[in-house]
Structure formats: structure tokens, C-alpha cells
Amino acid sequence: MLLNEGQMHLFEHWPELGVDDDKKRGFFDQVRRLNSSYPGGLVSYIQNAKKLLAHSKAGKNPYDGFTPSVPLGELLNFGDDNFVSLEAAGVKEVRNAAFVLVAGGLGERLGYKGIKVALPRETTTGKCFLQHYIESILSLQEASCKMFDGCHTKIPFVIMTSDDTNALTIKLLESNSYFGMEPSQVKILKQEKVACLADNDARLALDPNDKYKIQTKPHGHGDVHSLLYSSGLLEQWKSEGRKWVLFFQDTNGLLFNAIPSALGVSATKGYNVNSLAIPRKAKEAIGGITKLTHVDGRTMVINVEYNQLDPLLRATGHPDGDANCETGYSPYPGNINQLILELGPYIEELKKTHGAISEFVNPKYTDSTKMAFKSSTRLECMMQDYPKTLPPSAKVGFTVMDTWLAYAPVKNNPEDAAKVPKGNPYHSATSGEMAIYRANSLILRKAGAQIADPVVYTFNGQEVEVWPRITWSPRWGLTFKDVEEKVRGNSSISQRSALVINGRNIFLEGLLLDGTLIVNAVDDAEVKVTGHVHNKGWIIRHVDYKDTSEKEETRIRGFKFEKVEQLEVDYTKPGKHSLSA
Ligand code: UGB
């Protein structure tokens, strides 16, 4: 098979039979794995690569013949009646959902040594992203089941890992008892890397350190579709009556603020595909959701990656390319790669494609003749390209939400973040954490509490707003209505304060907080928090990212808390309690 596909070079250096035979067997083991993990096998991979490399060399634009225009979608306003009713519809529906986290990426842009889902989402509680995601899913499960007598569903949670993240992800789950989720609810699907390509003829590259091994690199998050298809999980979910599959990325600490209402949109609009989006600044490094109309009449609503949107616009009569409009934002909403797919049509589509997703190749050529590569390349694919193969009858929509509510990923290292043009988001560990406090502060404000204005600090060269450090466990404030019901009377929180709400039935009733307060309560305890809490609190200290005496998690955010004084109360017994300070 390899010889037929022009891969003779892989064997040219092989010594005669009897020499290195075990290594040769190892080579074929790897070939077998590469063959079975790609839809259509290695022959398809090599043929696809030849085609895409030829297009790349010829400078062919994948969007040739397409004209972009601004698509129509759902625009939500946090906290209004429509938002609240969509959240209720989403919570009701979530018992029929399954969640899929793509966490196979190394996070090269962030440069963090560990896995990204193990990073603290915020350092007031120190809870990591994975813990927050699992607690959010469990809270949604509980809230959804409560609406239906006798519903005991366990929402499935799939994590896609890769060789780079698999062992550490399993270790994180096992050493923390799956953060309270039943281990049987969690399924790990490991993506395989794909073969590297050495030249324009798609000759496979050998590993520079091992001539019996083909060099491999990640294929991208688009692998999630073929893995789900081949795992048999989709059919299993269908037989259990499930209706929705929700995909999300590794480090967006705000994501679950958006899930109930977005799922509500999918359910009420009957969307087969619903992409979550935010207002996007022109040139921001997130894809733009675009309507593409082909000269032959075909149309699709699809993410166009940030590096392709600008040339596409320029080539189709928009001389300014990817530019902000009068709103101060690009007219193309930003894709945050959180997708909600309707399970039935998804399965039907995957039966046709087996999960293969439209691919691309991005070789770095040595010069303009495009005859040779600086280093080997490979085919890549993205999960948001799933709609590309859908028929025009498919209902493909999107939902735009406020950025402060829905999106604050941790992708960039401090040095790169500091270079982000002013006004564009940093997407760093610093901004990711500060975004949690800002969102929680704004949500509490909307619920009627008085929250002090933020002050501006500079950490690791990034100017950020520092709001009171307010956090709560997902079971406290899953939806805006939950929060509204728990904020009663006149409560106020000063800028230097930190508040941790850890329990389901904790009510803020005329709390005046100036300092640090941590309230922990078991589920059956109903706690009224009132009165004036004043203490020295937690002081924010700067940390330089080059200071290796600090932990990497701390250095990349550029600050830490000095815990000078706090009030921490634990309610471990059921019943009514009052914290009247
Ligand atoms: N991932 C995998 O699971 N496997 C892989 O092989 C690669 C990644 P990045 P990217 O939200 O700002 C995406 O690297 O791909 C996981 C969208 O394409 O963080 O540059 C990885 O673990 C873009 O349109 O992002 O850009 C992580 O969870 C825009 O929405 C996820 O895939 C952008 O995200 C994303 O990987 C964004």
C-alpha cells in the first residue's frame, strides 16, 4: 500500500532481513495504527495530502467562488425576559444532553508545562478548570432532573485527549475522585496524531531520531467527530433518548454562564447546529462566523478562521479587509468554538462521512518557489468545520452573547499577551481570572447587589480591571434566576473584598462586605448572610512571570493573594442558619 502511494523512501535505508527485524515490526505496528485511526486509512490520508499540497502550492484559495456576508443569528441580552426563559428551557433540556470537552491540545501558545484543564480557573478558590466543568455538569444534571419526577439521568461527559494530555488528564481525575462525578459517566477518547509530510509529493517524513518511525503531529480538534462516531457512543446516547451533544474547549472559565440559554436557543429554534459566538474585534485571533454564498448558489454559515477572513474579504470587494464597523466590532461574530449539535441529524451525517472533517494544510515553504518545506507539515482539521458537508436543508444557526458573560479563554503566554494591540483581549491567565470576577460582579449587580467599581492594575504588562473577587459554586448560581432568588435586600461589596459562596442555599440579605468572607454550607442547610463583615482581607501582590521562585500557575497570571485576614464559616448541619456579623 505504501509503495503504491509513492512511499518507497521509507524503506530505502532498511538493512537486509535479520538486521533490526524488531524495529521493522515496530514500524509496521505504527503504520497499522496510523491506518486505522484515519477515516479511509493511510491511502486516503496520502491522497488527500497530495491534493491539498498541490492546491497550496498553486496558491488556490479554499474560498474561491464564495462571497462572504454577515449572517443572521440569535442575539441574547443577559438577564432580560427572553434570556431568563431561554435559560429555563435549556436547563429543562439538559437532561437529554451529553458534553464533550476537546482537551488534546498542548497549548503551545500558553507554554504551560502541565495540562491546561489542571490550571486554576481562578485563584481565590484555586479550583481547576476540569473541576469547575464537572461541578457545572453535575449541577445542571441535578437541576434538570428536579424538573422531572423520577428522572435519574447521568449526563455523559466525554474528554478527548491526545498522547500529550491523556495520562495527566486521567491522573487528575483519579486523584480527585472524578471531582464528584461517577467514573462511569466519564469517557476518555484519545486522538492519534497523523503522519507528517516531507514534501509536495506527500512523502511521509521519518522521525529525525528514529529511522524506523514515521514522524507524527496533532491533526486538530476536528478529530472529535470521527472518534465519537467510531466509539459507538452516539448510538448509545440515541438509544437512551438523548438529543443534544455540546462541545467545548479546555480553558474558558465563563463557558457555563452561556450553556443554559444557548441550549434553550437550540431547543426552541430547532437548530441542528448552534455555534456560540461573541462580538469580535477585527483581527482578533478567533474565527468569524460568516455566511458564504458560492457562485453556483450554494450557501453555508461557517466559521472562517481569523487568518483567512481578512484575505477573503479583500478578495471580494472589501478593500479594508477584516475591519471594525460603526459598532467598534467586526460585523462577523467571533466563534468561541462551543457547538451544540442535535444528535439525530448529527448521527445521520456521520453515517455518511464517518466523522471525516474537511482538512487543510499549512506548509511553511523555504522560499517563494514553494518547492521545499522548512520543516515537515501535516493535514489538520477543526471541529467547527463540521457544517461544511451538511446539505442546504440543515438548520445551522448561532447565538451571540456578551463577551464578559461567555468567553475568557487562557491561551496566550504573558509576553505575547502584553503585545496584544490595545483594546483587544489578552486571552491570558491574568485576563482569564479577572474575567471571572468581572462576570460574577456584573451578574450580582444585575441581581440587585451594590458592587464597587473595579480599579485598573497592570500585571505582566497587561492592564486589567480588578473587580471584587467574587466566586460561587455552580450549584449556587447556575442561571440568572437562581442568583436573583438568592440576592435579597440591600447587599454591598467593596472593591478590595473577596467573597466565596460554596453551597446551594446561601442567601445574601443585606450583607455589607469589606474584606474576605467564605461561606461553606451543606446542601440541606439554608443560610441567611446578613450584617457587616469587615476585616483586613486578602491583599493582591504582584508576581513577575520571570520569578522562578513562584509556581508556574502563579507566574503566568502575574499576581497572588496574601491572605491576611478572613471570616470563614462552615455550616455542616441541615436546617436554617443565620450568619449575622
Ligand atoms: N485541541 C485538541 O483537542 N486537539 C488538537 O489536536 C488541537 C486542539 P486551541 P485554536 O476559541 O479562541 C480555536 O489551540 O485551534 C483542543 C478555533 O479554531 O486553543 O487555535 C485544545 O485542547 C478558533 O476558531 O485553539 O482556535 C483546545 O481545547 C477560535 O474559536 C481546543 O481544541 C479559537 O479556538 C482549541 O485549541 C478560540
Side-chain angles (χ1 to χ4, degrees), residues 37-38 99-112 114-119 129-130 133 158-166 168-169 188-194 216-228 246-255 258 275-281 283-290 302-309 322 330 332-339 357-360 362 378-388 398 400-401 403 406-413 416-417 420 424-429 431-432 435:
S37 60
Y38 184 83
F99 284 80
V100 180
L101 166 64
V102 289
L106 247 188
E108 282 169 52
R109 284 191 269 159
L110 181 65
Y112 173 63
I115 49 169
K116 286 171 78 182
V117 289
L119 276 172
F129 282 102
L130 190 56
Y133 295 153
V158 171
I159 308 176
M160 181 171 82
T161 59
S162 66
D163 279 323
D164 297 324
T165 61
N166 190 59
L168 288 174
T169 307
I188 307 268
L189 299 178
K190 184 163 79 72
Q191 64 178 140
E192 294 295 334
K193 292 183 178 169
V194 286
T216 58
K217 284 188 183 166
H219 189 220
H221 35 72
D223 278 348
V224 72
H225 301 293
S226 60
L227 275 175
L228 278 174
L246 288 89
F247 295 84
F248 62 105
Q249 309 193 66
D250 48 19
T251 57
N252 179 10
L254 297 178
L255 149 96
S275 300
L276 246 116
I278 51 161
R280 172 180 179 278
K281 287 271 179 196
K283 311 222 166 41
E284 192 179 330
I286 60 174
I289 300 195
T290 310
I302 196 83
N303 171 69
V304 176
E305 274 306 50
Y306 44 90
N307 53 346
Q308 290 175 328
L309 187 59
D322 181 12
S330 155
Y332 299 91
N335 163 48
I336 62 171
N337 246 11
Q338 184 176 316
L339 304 177
I357 294 296
S358 128
E359 294 169 302
F360 61 96
N362 192 11
R378 83 289 197 182
L379 299 191
E380 295 176 74
C381 61
M382 299 186 293
M383 72 170 169
Q384 66 270 34
D385 279 343
Y386 163 73
K388 280 193 172 164
F398 63 92
V400 185
M401 284 197 216
T403 309
Y407 191 59
V410 177
K411 297 204 185 216
N412 290 328
N413 62 60
D416 290 343
V420 165
N424 277 18
Y426 298 118
H427 292 172
S428 65
S431 61

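Order of appearance sets the numbers: ligands from 1, and atoms from 1 within every ligand. Worth knowing before you read on, the calculation uses all heavy atoms, side chains too, and leaves out hydrogens, waters and symmetry mates. Since we're looking at a predicted model, the values are computed, not measured.
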Of Gly105, Ala103, Ala277, Gly287, the one whose closest heavy atom lies nearest atom 2 (C) of ligand 1 is Gly105
What is the nearest protein non-hydrogen atom to [atom], stated with its residue, atom name and distance?
| atom | result |
| --- | --- |
| atom 28 (O) of ligand 1 | Val102 O, 2.7 Å |
| atom 13 (C) of ligand 1 | Asn337 ND2, 3.7 Å |
| atom 12 (O) of ligand 1 | Tyr407 OH, 2.4 Å |
| atom 32 (O) of ligand 1 | His221 CD2, 3.1 Å |
| atom 10 (P) of ligand 1 | Arg109 NH2, 3.8 Å |
| atom 35 (C) of ligand 1 | Gln249 OE1, 2.7 Å |
| atom 19 (O) of ligand 1 | Lys411 NZ, 2.8 Å |

Whether [X] side chain and [Y] backbone form a donor-acceptor pair below 3.5 Å:
| X | Y | value |
| --- | --- | --- |
| Thr290 | Gly288 | yes |
| Lys116 | Val410 | yes |
| Asp385 | Lys388 | no |
| Asn303 | Asn335 | no |

Under 6.0 Å between ring centres, would you say that holds for Phe247 and Phe99?
no
Does only the side chain of [X] get under 4.0 Å from ligand 1, or the backbone, or both, or neither? Count heavy atoms.
| X | result |
| --- | --- |
| Glu305 | side chain |
| Met160 | side chain |
| Asn252 | neither |

Does either side chain, that of [X] or that of [Y], offer a donor lying less than 3.5 Å from an acceptor on the other one?
| X | Y | value |
| --- | --- | --- |
| Asn424 | Glu284 | no |
| Gln191 | His221 | no |
| Gln249 | Lys411 | yes |

Among the heavy atoms of [X], does any lie under 4.0 Å from an atom of ligand 1?
| X | result |
| --- | --- |
| Phe248 | no |
| Pro409 | no |
| Met383 | no |
| Glu108 | no |

Rounded to the nearest 0.5 angstrom, the CZ-NZ distance for Arg378 and Lys193 is 9.5 Å
Between the NE2 atom in His225 and the OH atom in Tyr386, the distance rounded to the nearest 0.5 Å is 8.0 Å
Side chain to side chain donor-acceptor pair (under 3.5 Å) test vs Asp322 passes for just one of Arg280, Gln308, Lys281, namely Arg280
Could you tell me if the side chain of Tyr133 sits less than 4.5 Å from the side chain of Leu255, heavy atoms only? yes
Considering only heavy atoms of [X], which atoms of ligand 1 have at least one such atom less than 4.0 Å away?
| X | result |
| --- | --- |
| Asp250 | 21 (C), 22 (O), 27 (C), 28 (O) |
| Asn303 | 24 (O) |
| Gly104 | 2 (C), 3 (O), 4 (N), 22 (O) |
| Pro218 | 6 (O) |
| Gln191 | 2 (C), 3 (O), 4 (N), 5 (C), 6 (O) |
| Gln384 | 17 (C), 18 (O), 23 (C), 24 (O) |

Original post:
Between Met160 and Leu227, does a side-chain contact (heavy atoms from CB on, under 4.5 Å) hold up when you go through it step by step?
Top reply: CA-CA 8 Å; Met160 181 171 82; Leu227 275 175; 3.6 Å; yes
For ligand 1, is there an N or O atom under 3.5 Å from any N or O atom of [X]?
| X | value |
| --- | --- |
| His427 | no |
| Lys116 | no |
| Asn335 | yes |

Given the options Thr165, Thr161, Leu101, Ile159, Val117 meets side-chain contact (heavy atoms from CB on, under 4.5 Å) only with Leu101
